[in-house]
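Single-structure report; data block below.
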Amino acid sequence: MNKGILTAIIVGVIAVGGFLASPLFYKTEVDEPLPVALNNIEEGLTLEKFSVMDEQQRQTLVEKMPQKVKDMIMKESASLPTTVSEELDKDSSRENSVVITKTGEFEGLAGHKAEGIAKIIQTNDMTFLRFENFEVTNGPDLRVYITAGGDVHQGIQLEKLKGSRGDQNYLLENIDLGVYDTVVIYCQPFGVYFGQASLE
């Protein structure tokens, strides 16, 4: 009799313990792939769709994202470099009409890789920012800024980065290069600095 009661108590304790230990009662961390994580934030969301959204839409999603998902997006973007190879316009880049007025060497920021040379080039009546032997860790929606001292909030956004690797040109119009002296590569959605080059 006593053995029967004892057995019933043990079985009951195990059953209650198993019930309380079920996923309904504690938080589990699931190691899910990026597509699943993005779809859980918004149905049908992909990295490509996230990258081409307008800034207001994207900011709404970023506010809902756990840090783990942001890290996954950064990691996935870094594994997908983009390459570009631009020359200066042949008509405006004749050897006797090109003047390099400033140069700077890229350095990585916040744990990201950035290397290559930034040059300010005057050719005829145009001024360009040119990257040569350039490479940066790829990221979601990287932008090129020319800034005062490296702060994008004290800078001018030129355009989206054309490629995470390769030579590329950005037209500079009505920019005081005595004030704006540092090029910055900036991840717009997450507010992360990827690299910079001080121009001298």
Side-chain angles (χ1 to χ4, degrees), residues 32-86 104 106-116 118 120 126-131 134-177 179-199:
E32 58 193 12
L34 180 59
V36 175
L38 290 175
N39 194 65
N40 287 343
I41 291 167
E42 181 176 291
E43 189 174 348
L45 182 62
T46 64
L47 182 57
E48 184 179 359
K49 286 180 182 177
F50 177 76
S51 297
V52 298
M53 281 180 171
D54 70 50
E55 289 186 33
Q56 188 172 1
Q57 285 178 307
R58 194 164 47 201
Q59 190 56 43
T60 302
L61 292 177
V62 168
E63 288 169 4
K64 293 194 273 186
M65 276 183 190
Q67 186 60 47
K68 184 175 181 181
V69 176
K70 294 178 186 178
D71 293 342
M72 290 167 73
I73 290 173
M74 288 288 207
K75 185 176 180 182
E76 181 71 14
S77 298
S79 72
L80 301 168
T82 54
T83 302
V84 65
S85 180
E86 288 188 334
F106 276 101
E107 60 177 331
L109 300 172
H112 299 288
K113 171 185 176 182
E115 59 186 35
I120 300 297
M126 294 184 290
T127 303
F128 290 92
L129 168 64
R130 177 166 172 78
F131 300 169
F134 174 75
E135 184 170 356
V136 68
T137 305
N138 202 12
D141 194 12
L142 297 184
R143 306 288 178 98
V144 180
Y145 280 79
I146 187 136
T147 71
D151 180 1
V152 296
H153 304 293
Q154 303 294 321
I156 298 168
Q157 182 185 147
L158 299 179
E159 58 180 286
K160 290 189 175 190
L161 184 70
K162 294 177 181 179
S164 63
R165 294 176 180 166
D167 299 348
Q168 46 205 285
N169 308 309
Y170 299 89
L171 181 63
L172 302 178
E173 295 182 286
N174 304 315
I175 293 175
D176 184 349
L177 294 170
V179 174
Y180 296 99
D181 59 3
T182 307
V183 180
V184 171
I185 309 301
Y186 184 72
C187 176
Q188 198 77 11
F190 300 147
V192 177
Y193 289 76
F194 272 52
Q196 70 175 28
S198 298
L199 300 167

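For clarity, every value in this text was computed on a predicted model and none was experimentally measured.
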* **Partners meeting side chain to side chain donor-acceptor pair (under 3.5 Å) with R165 (sequence neighbours left out)** => E135
* **Test: K162 cationic atom under 6.0 Å from F134 six-membered ring centre, within 45° of axis** => no
* To do: Check for a donor-acceptor pair, side chain of S51 on one end and backbone N or O of D141 on the other, with a separation under 3.5 Å.
  => no
* To do: Kindly compute the distance separating CD1 (I41) from OG1 (T60), expressed to the nearest 0.5 Å.
  => 12.5 Å
* Looking only at heavy atoms, which two atoms of Q59 and P189 are closest? And how far apart? -> OE1-O, 4.0 Å
* **side-chain contact (heavy atoms from CB on, under 4.5 Å) between L109 and I185, intermediate numbers included** => CA-CA 9 Å; L109 300 172; I185 309 301; over 6 Å; no
* **side-chain contact (heavy atoms from CB on, under 4.5 Å) between M74 and C187, worked out** => CA-CA 10 Å; M74 288 288 207; C187 176; 4.1 Å; yes
* **Nearest non-hydrogen partners of L161 and Q168, listed with the distance** => CD1-OE1, 3.6 Å
* Measure from the side-chain N and O atoms of S198 to the backbone N and O of T182, and report whether any donor-acceptor pair falls under 3.5 Å. => no
* Between I73 and F190, is any pair of side-chain heavy atoms under 4.5 Å apart? -> yes
* **Rounded distance [0.5 Å steps], CZ in F131 versus CD in E86** => 10.5 Å
* To do: Determine yes or no for a side-chain-to-main-chain donor-acceptor pair under 3.5 angstrom, with S79 supplying the side chain and E76 the backbone.
  => yes
* Is the count of non-hydrogen atoms from other residues, nucleotides or ligands lying under 6.0 Å from Q67 atom CD greater than 12? -> yes
* To do: Give a yes or no on this: more than 12 heavy atoms of other residues, nucleotides or ligands lie within 6.0 Å of atom CD of E159.
  => yes
* To do: Verify side-chain contact (heavy atoms from CB on, under 4.5 Å) between F106 and V136, making sure each step is shown before the conclusion.
  => CA-CA 9 Å; F106 276 101; V136 68; over 6 Å; no
* To do: Look up atom CD in E115 and atom OG1 in T137, then write down how far apart they are to the nearest 0.5 Å.
  => 9.5 Å
* **Euclidean distance, D181 CG relative to T147 OG1, rounded to 0.5 Å** => 6.5 Å
* To do: Can you measure from CG (L177) to CD1 (I146) and round to the nearest 0.5 angstrom?
  => 5.5 Å
* Of all the heavy-atom pairs spanning A118 and A197, show the shortest one and how long it is. => CB-CB, 4.0 Å
* Does the pair M53 and L45 meet the rule for a side-chain contact (heavy atoms from CB on, under 4.5 Å), with working shown? -> CA-CA 10 Å; M53 281 180 171; L45 182 62; 3.6 Å; yes
* To do: Measure the CE-CZ distance between M65 and F50 for me, rounded to the nearest 0.5 Å.
  => 4.0 Å
* **Enclosure of K75 NZ (heavy-atom neighbours >12, cutoff 6.0 Å)** => no
* Asked: Closest heavy-atom contact between G44 and K49?
  -> O-NZ, 3.0 Å
* Using distance alone, with no hydrogens and no angle criterion, decide if Y145 and Q154 have a side-chain donor and acceptor under 3.5 Å apart. => no
* Asked: What closest approach, in Å, do G150 and Q196 show between heavy atoms, and which atom pair accounts for it?
  -> CA-OE1, 4.1 Å
* Could you pull out the closest heavy-atom pair between V183 and L129, with the gap in Å? => CG2-CD1, 3.7 Å
